[in-house]
J.: 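One structure follows; several queries about it will come next.
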Number of protein chains: 2
Amino acid sequence: MGTTQLETVPEPKYWHLKTVLSDALDSEFAVGEILPNERDLAARFGVARATLRQALEQLELEGRLQRRRGVGTTVAPPRVGVAVDPVRHTWPGAAGDDWQPVDAVESDAVPAAVAGLLATAPGDPVHVVRRSRVTHGRPVATELLYVPAAAVPGWAPAASLSAPARARAVLHELQTLELDGQDRTVELGSARAEDARELDRLPGAPVLVVTTRYVSGGRTAAVAVSTYRADTCRLTFGESDAVALLAG
Amino acid sequence: MGTTQLETVPEPKYWHLKTVLSDALDSEFAVGEILPNERDLAARFGVARATLRQALEQLELEGRLQRRRGVGTTVAPPRVGVAVDPVRHTWPGAAGDDWQPVDAVESDAVPAAVAGLLATAPGDPVHVVRRSRVTHGRPVATELLYVPAAAVPGWAPAASLSAPARARAVLHELQTLELDGQDRTVELGSARAEDARELDRLPGAPVLVVTTRYVSGGRTAAVAVSTYRADTCRLTFGESDAVALLAG
DNA sequence: CAGTGGTCTAGACCACGAA
DNA sequence: TCGTGGTCTAGACCACTGA
């Protein structure tokens, strides 16, 4: 990697630095390779460490770098494609989805945005199922699945079950319903402390939040809020899931 | 908004600050209202301006705030839902999509990632159509649509056409083909300088990049790379586009 | 012009991981 | 224990907006 001097252009230093580093990553580094530490890099480019970090942050956001405290900065592999809807038009937990049930609790206080989608009143009991998703041995997403108790009337999980079994029981109960349709939104968010722990990231890390609404009998029978690591994931949709993408 | 003192917890100051500000936005500010300037806010919370900015950046990323140089920081309206596929299984430019053609050029150098999807060799001519998308009077997305000249053989736009007309001509030519299917990926990116100008943001602003591959006759006939403002947009998919979402 | 957010500096200390 | 990235400070100057 060169030590090109930065000219006095109106372009911000960190922006220029980012493109220089990006080119160097393409041409002079292999995936997994460790970069020099931030203090050395900053000195080499003649900028303050904070300025260098601004460039590194951008590259990490774009999935080009991976930084770990106490370890260093490494060149990230290309983003993994993650199918958001591997089995079309099925309930969560149907055969073929690769989510792992974690646990399930009954709650009467769900986030306002979710309550709006579920059309539940404050205080209405809701089953909350936690699931996580692992691809290539790495955690890529966590999910909270909200099922109003009213959607599965006359049913309650046996208290004796283990946490994952309780989650599976709720999912199993969903399969008995008719699924009329579903819709979905994707937006940018930042990882809550809990998600961050699960995803092996720092709190506030950028995530892609996928909100899926499942409709049954004209009502919203479930809402899933899935949180994907934005740095390492590329969400895939569509008929053929085998999308062969080259790196950017 | 209070001036709650920050305790000496292991939680980072900017993180705590973010939650305090977030609560204040919910309870004490109306959409469009102007916040105190950064120097005042920092003083009020007893932190350095850089630390305050770290909190504001997070809130802007989440679409809660909007900052404009020379103007100030305002409370952002809820994200607008933008239908990614308003008319299912049609070519871009079909009746009903709300993209505006901007211009079209012929290029023989497309990004490597796009060339990989198109399965074109370096140097193969490709029509590149620029489009932009406006919702509620605000620009929300820009798009580059790549159509290999080989996909519309024996056709070339008349040189006399205006830029938008040339774009429309390419799109019109696509409609004559049979559309076998399409697939799509969504990932996080940062705005290139050109996108940023178009989207009224600074370079490097977070964007959602939607890559759509259109298949015709067993080959990839077109690839669209659409760049949506991540701060103001929520992408919507699915059967019913009328998803009524409450704010987070 | 004054006031805003955007960039940049040169330090300091902390939390974490690995040896 | 040492080296890493993460947090934080107190300043400075710049670029842009609007009156």
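All chains are named by letter (A, B, ...) in the order of the sequence lines, taking the proteins before the strands, and each is independently numbered beginning at 1.
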J.: Whole-Å distance between D/dT4 P and A/Leu56 CG?
T.: 14 Å

J.: With a 4.0 Å cut-off, would you call A/Glu60 and A/Arg201 a salt bridge?
T.: yes

J.: On DNA chain C, check which nucleotide each of A/Arg39 and A/Tyr14 is closest to and give me the residue with the more 5' one.
T.: A/Tyr14

J.: I need the minimum non-hydrogen distance between B/Val140 and B/Cys233, along with the two atoms involved.
T.: CB-SG, 3.6 Å

J.: Nearest heavy atom decides the nucleotide; on that basis, is B/Ala50 or A/Glu57 closer to the 5' end of DNA chain D?
T.: A/Glu57

J.: How long is the line joining CG of B/Asp200 and C1' of D/dT17, in whole Å?
T.: 13 Å

J.: Work out which heavy atom in B/Pro92 is nearest to a heavy atom in B/Arg131; give both atom names and the distance.
T.: CB-NH2, 3.3 Å

J.: Return the value, rounded to whole Å, for the distance between atom NZ of A/Lys13 and atom P of D/dC14.
T.: 12 Å

J.: Using whole Å, what does the distance between atom C1' of nucleotide D/dC16 and atom CZ of B/Arg69 come to?
T.: 6 Å

J.: By nearest nucleotide on DNA chain C, pick out whichever of A/Val71 and A/Arg49 is the more 5' one.
T.: A/Arg49

J.: Check step by step if salt bridge (charged side-chain N to carboxylate O under 4.0 Å, His left out) holds for B/Glu38 and B/Arg53.
T.: CA-CA 7 Å; B/Glu38 297 184 350; B/Arg53 280 179 59 81; 3.0 Å; yes

J.: Classify the ring geometry between A/Trp99 and A/Tyr228 as parallel (under 30°), tilted (30 to 60°) or perpendicular (over 60°).
T.: perpendicular

J.: In whole angstrom, what separates A/Gln54's CD from D/dG5's C1'?
T.: 16 Å

J.: Can you name the nearest heavy-atom pair linking A/Pro36 to A/Arg44, along with the distance?
T.: CG-NH2, 3.6 Å

J.: At a heavy-atom distance below 4.0 Å, which nucleotide of DNA chain C is the first touched by chain A, and which is the last?
T.: C/dT7 to C/dG17

J.: Figure out the CD/P separation between A/Glu11 and D/dA15, and round it to whole Å.
T.: 13 Å

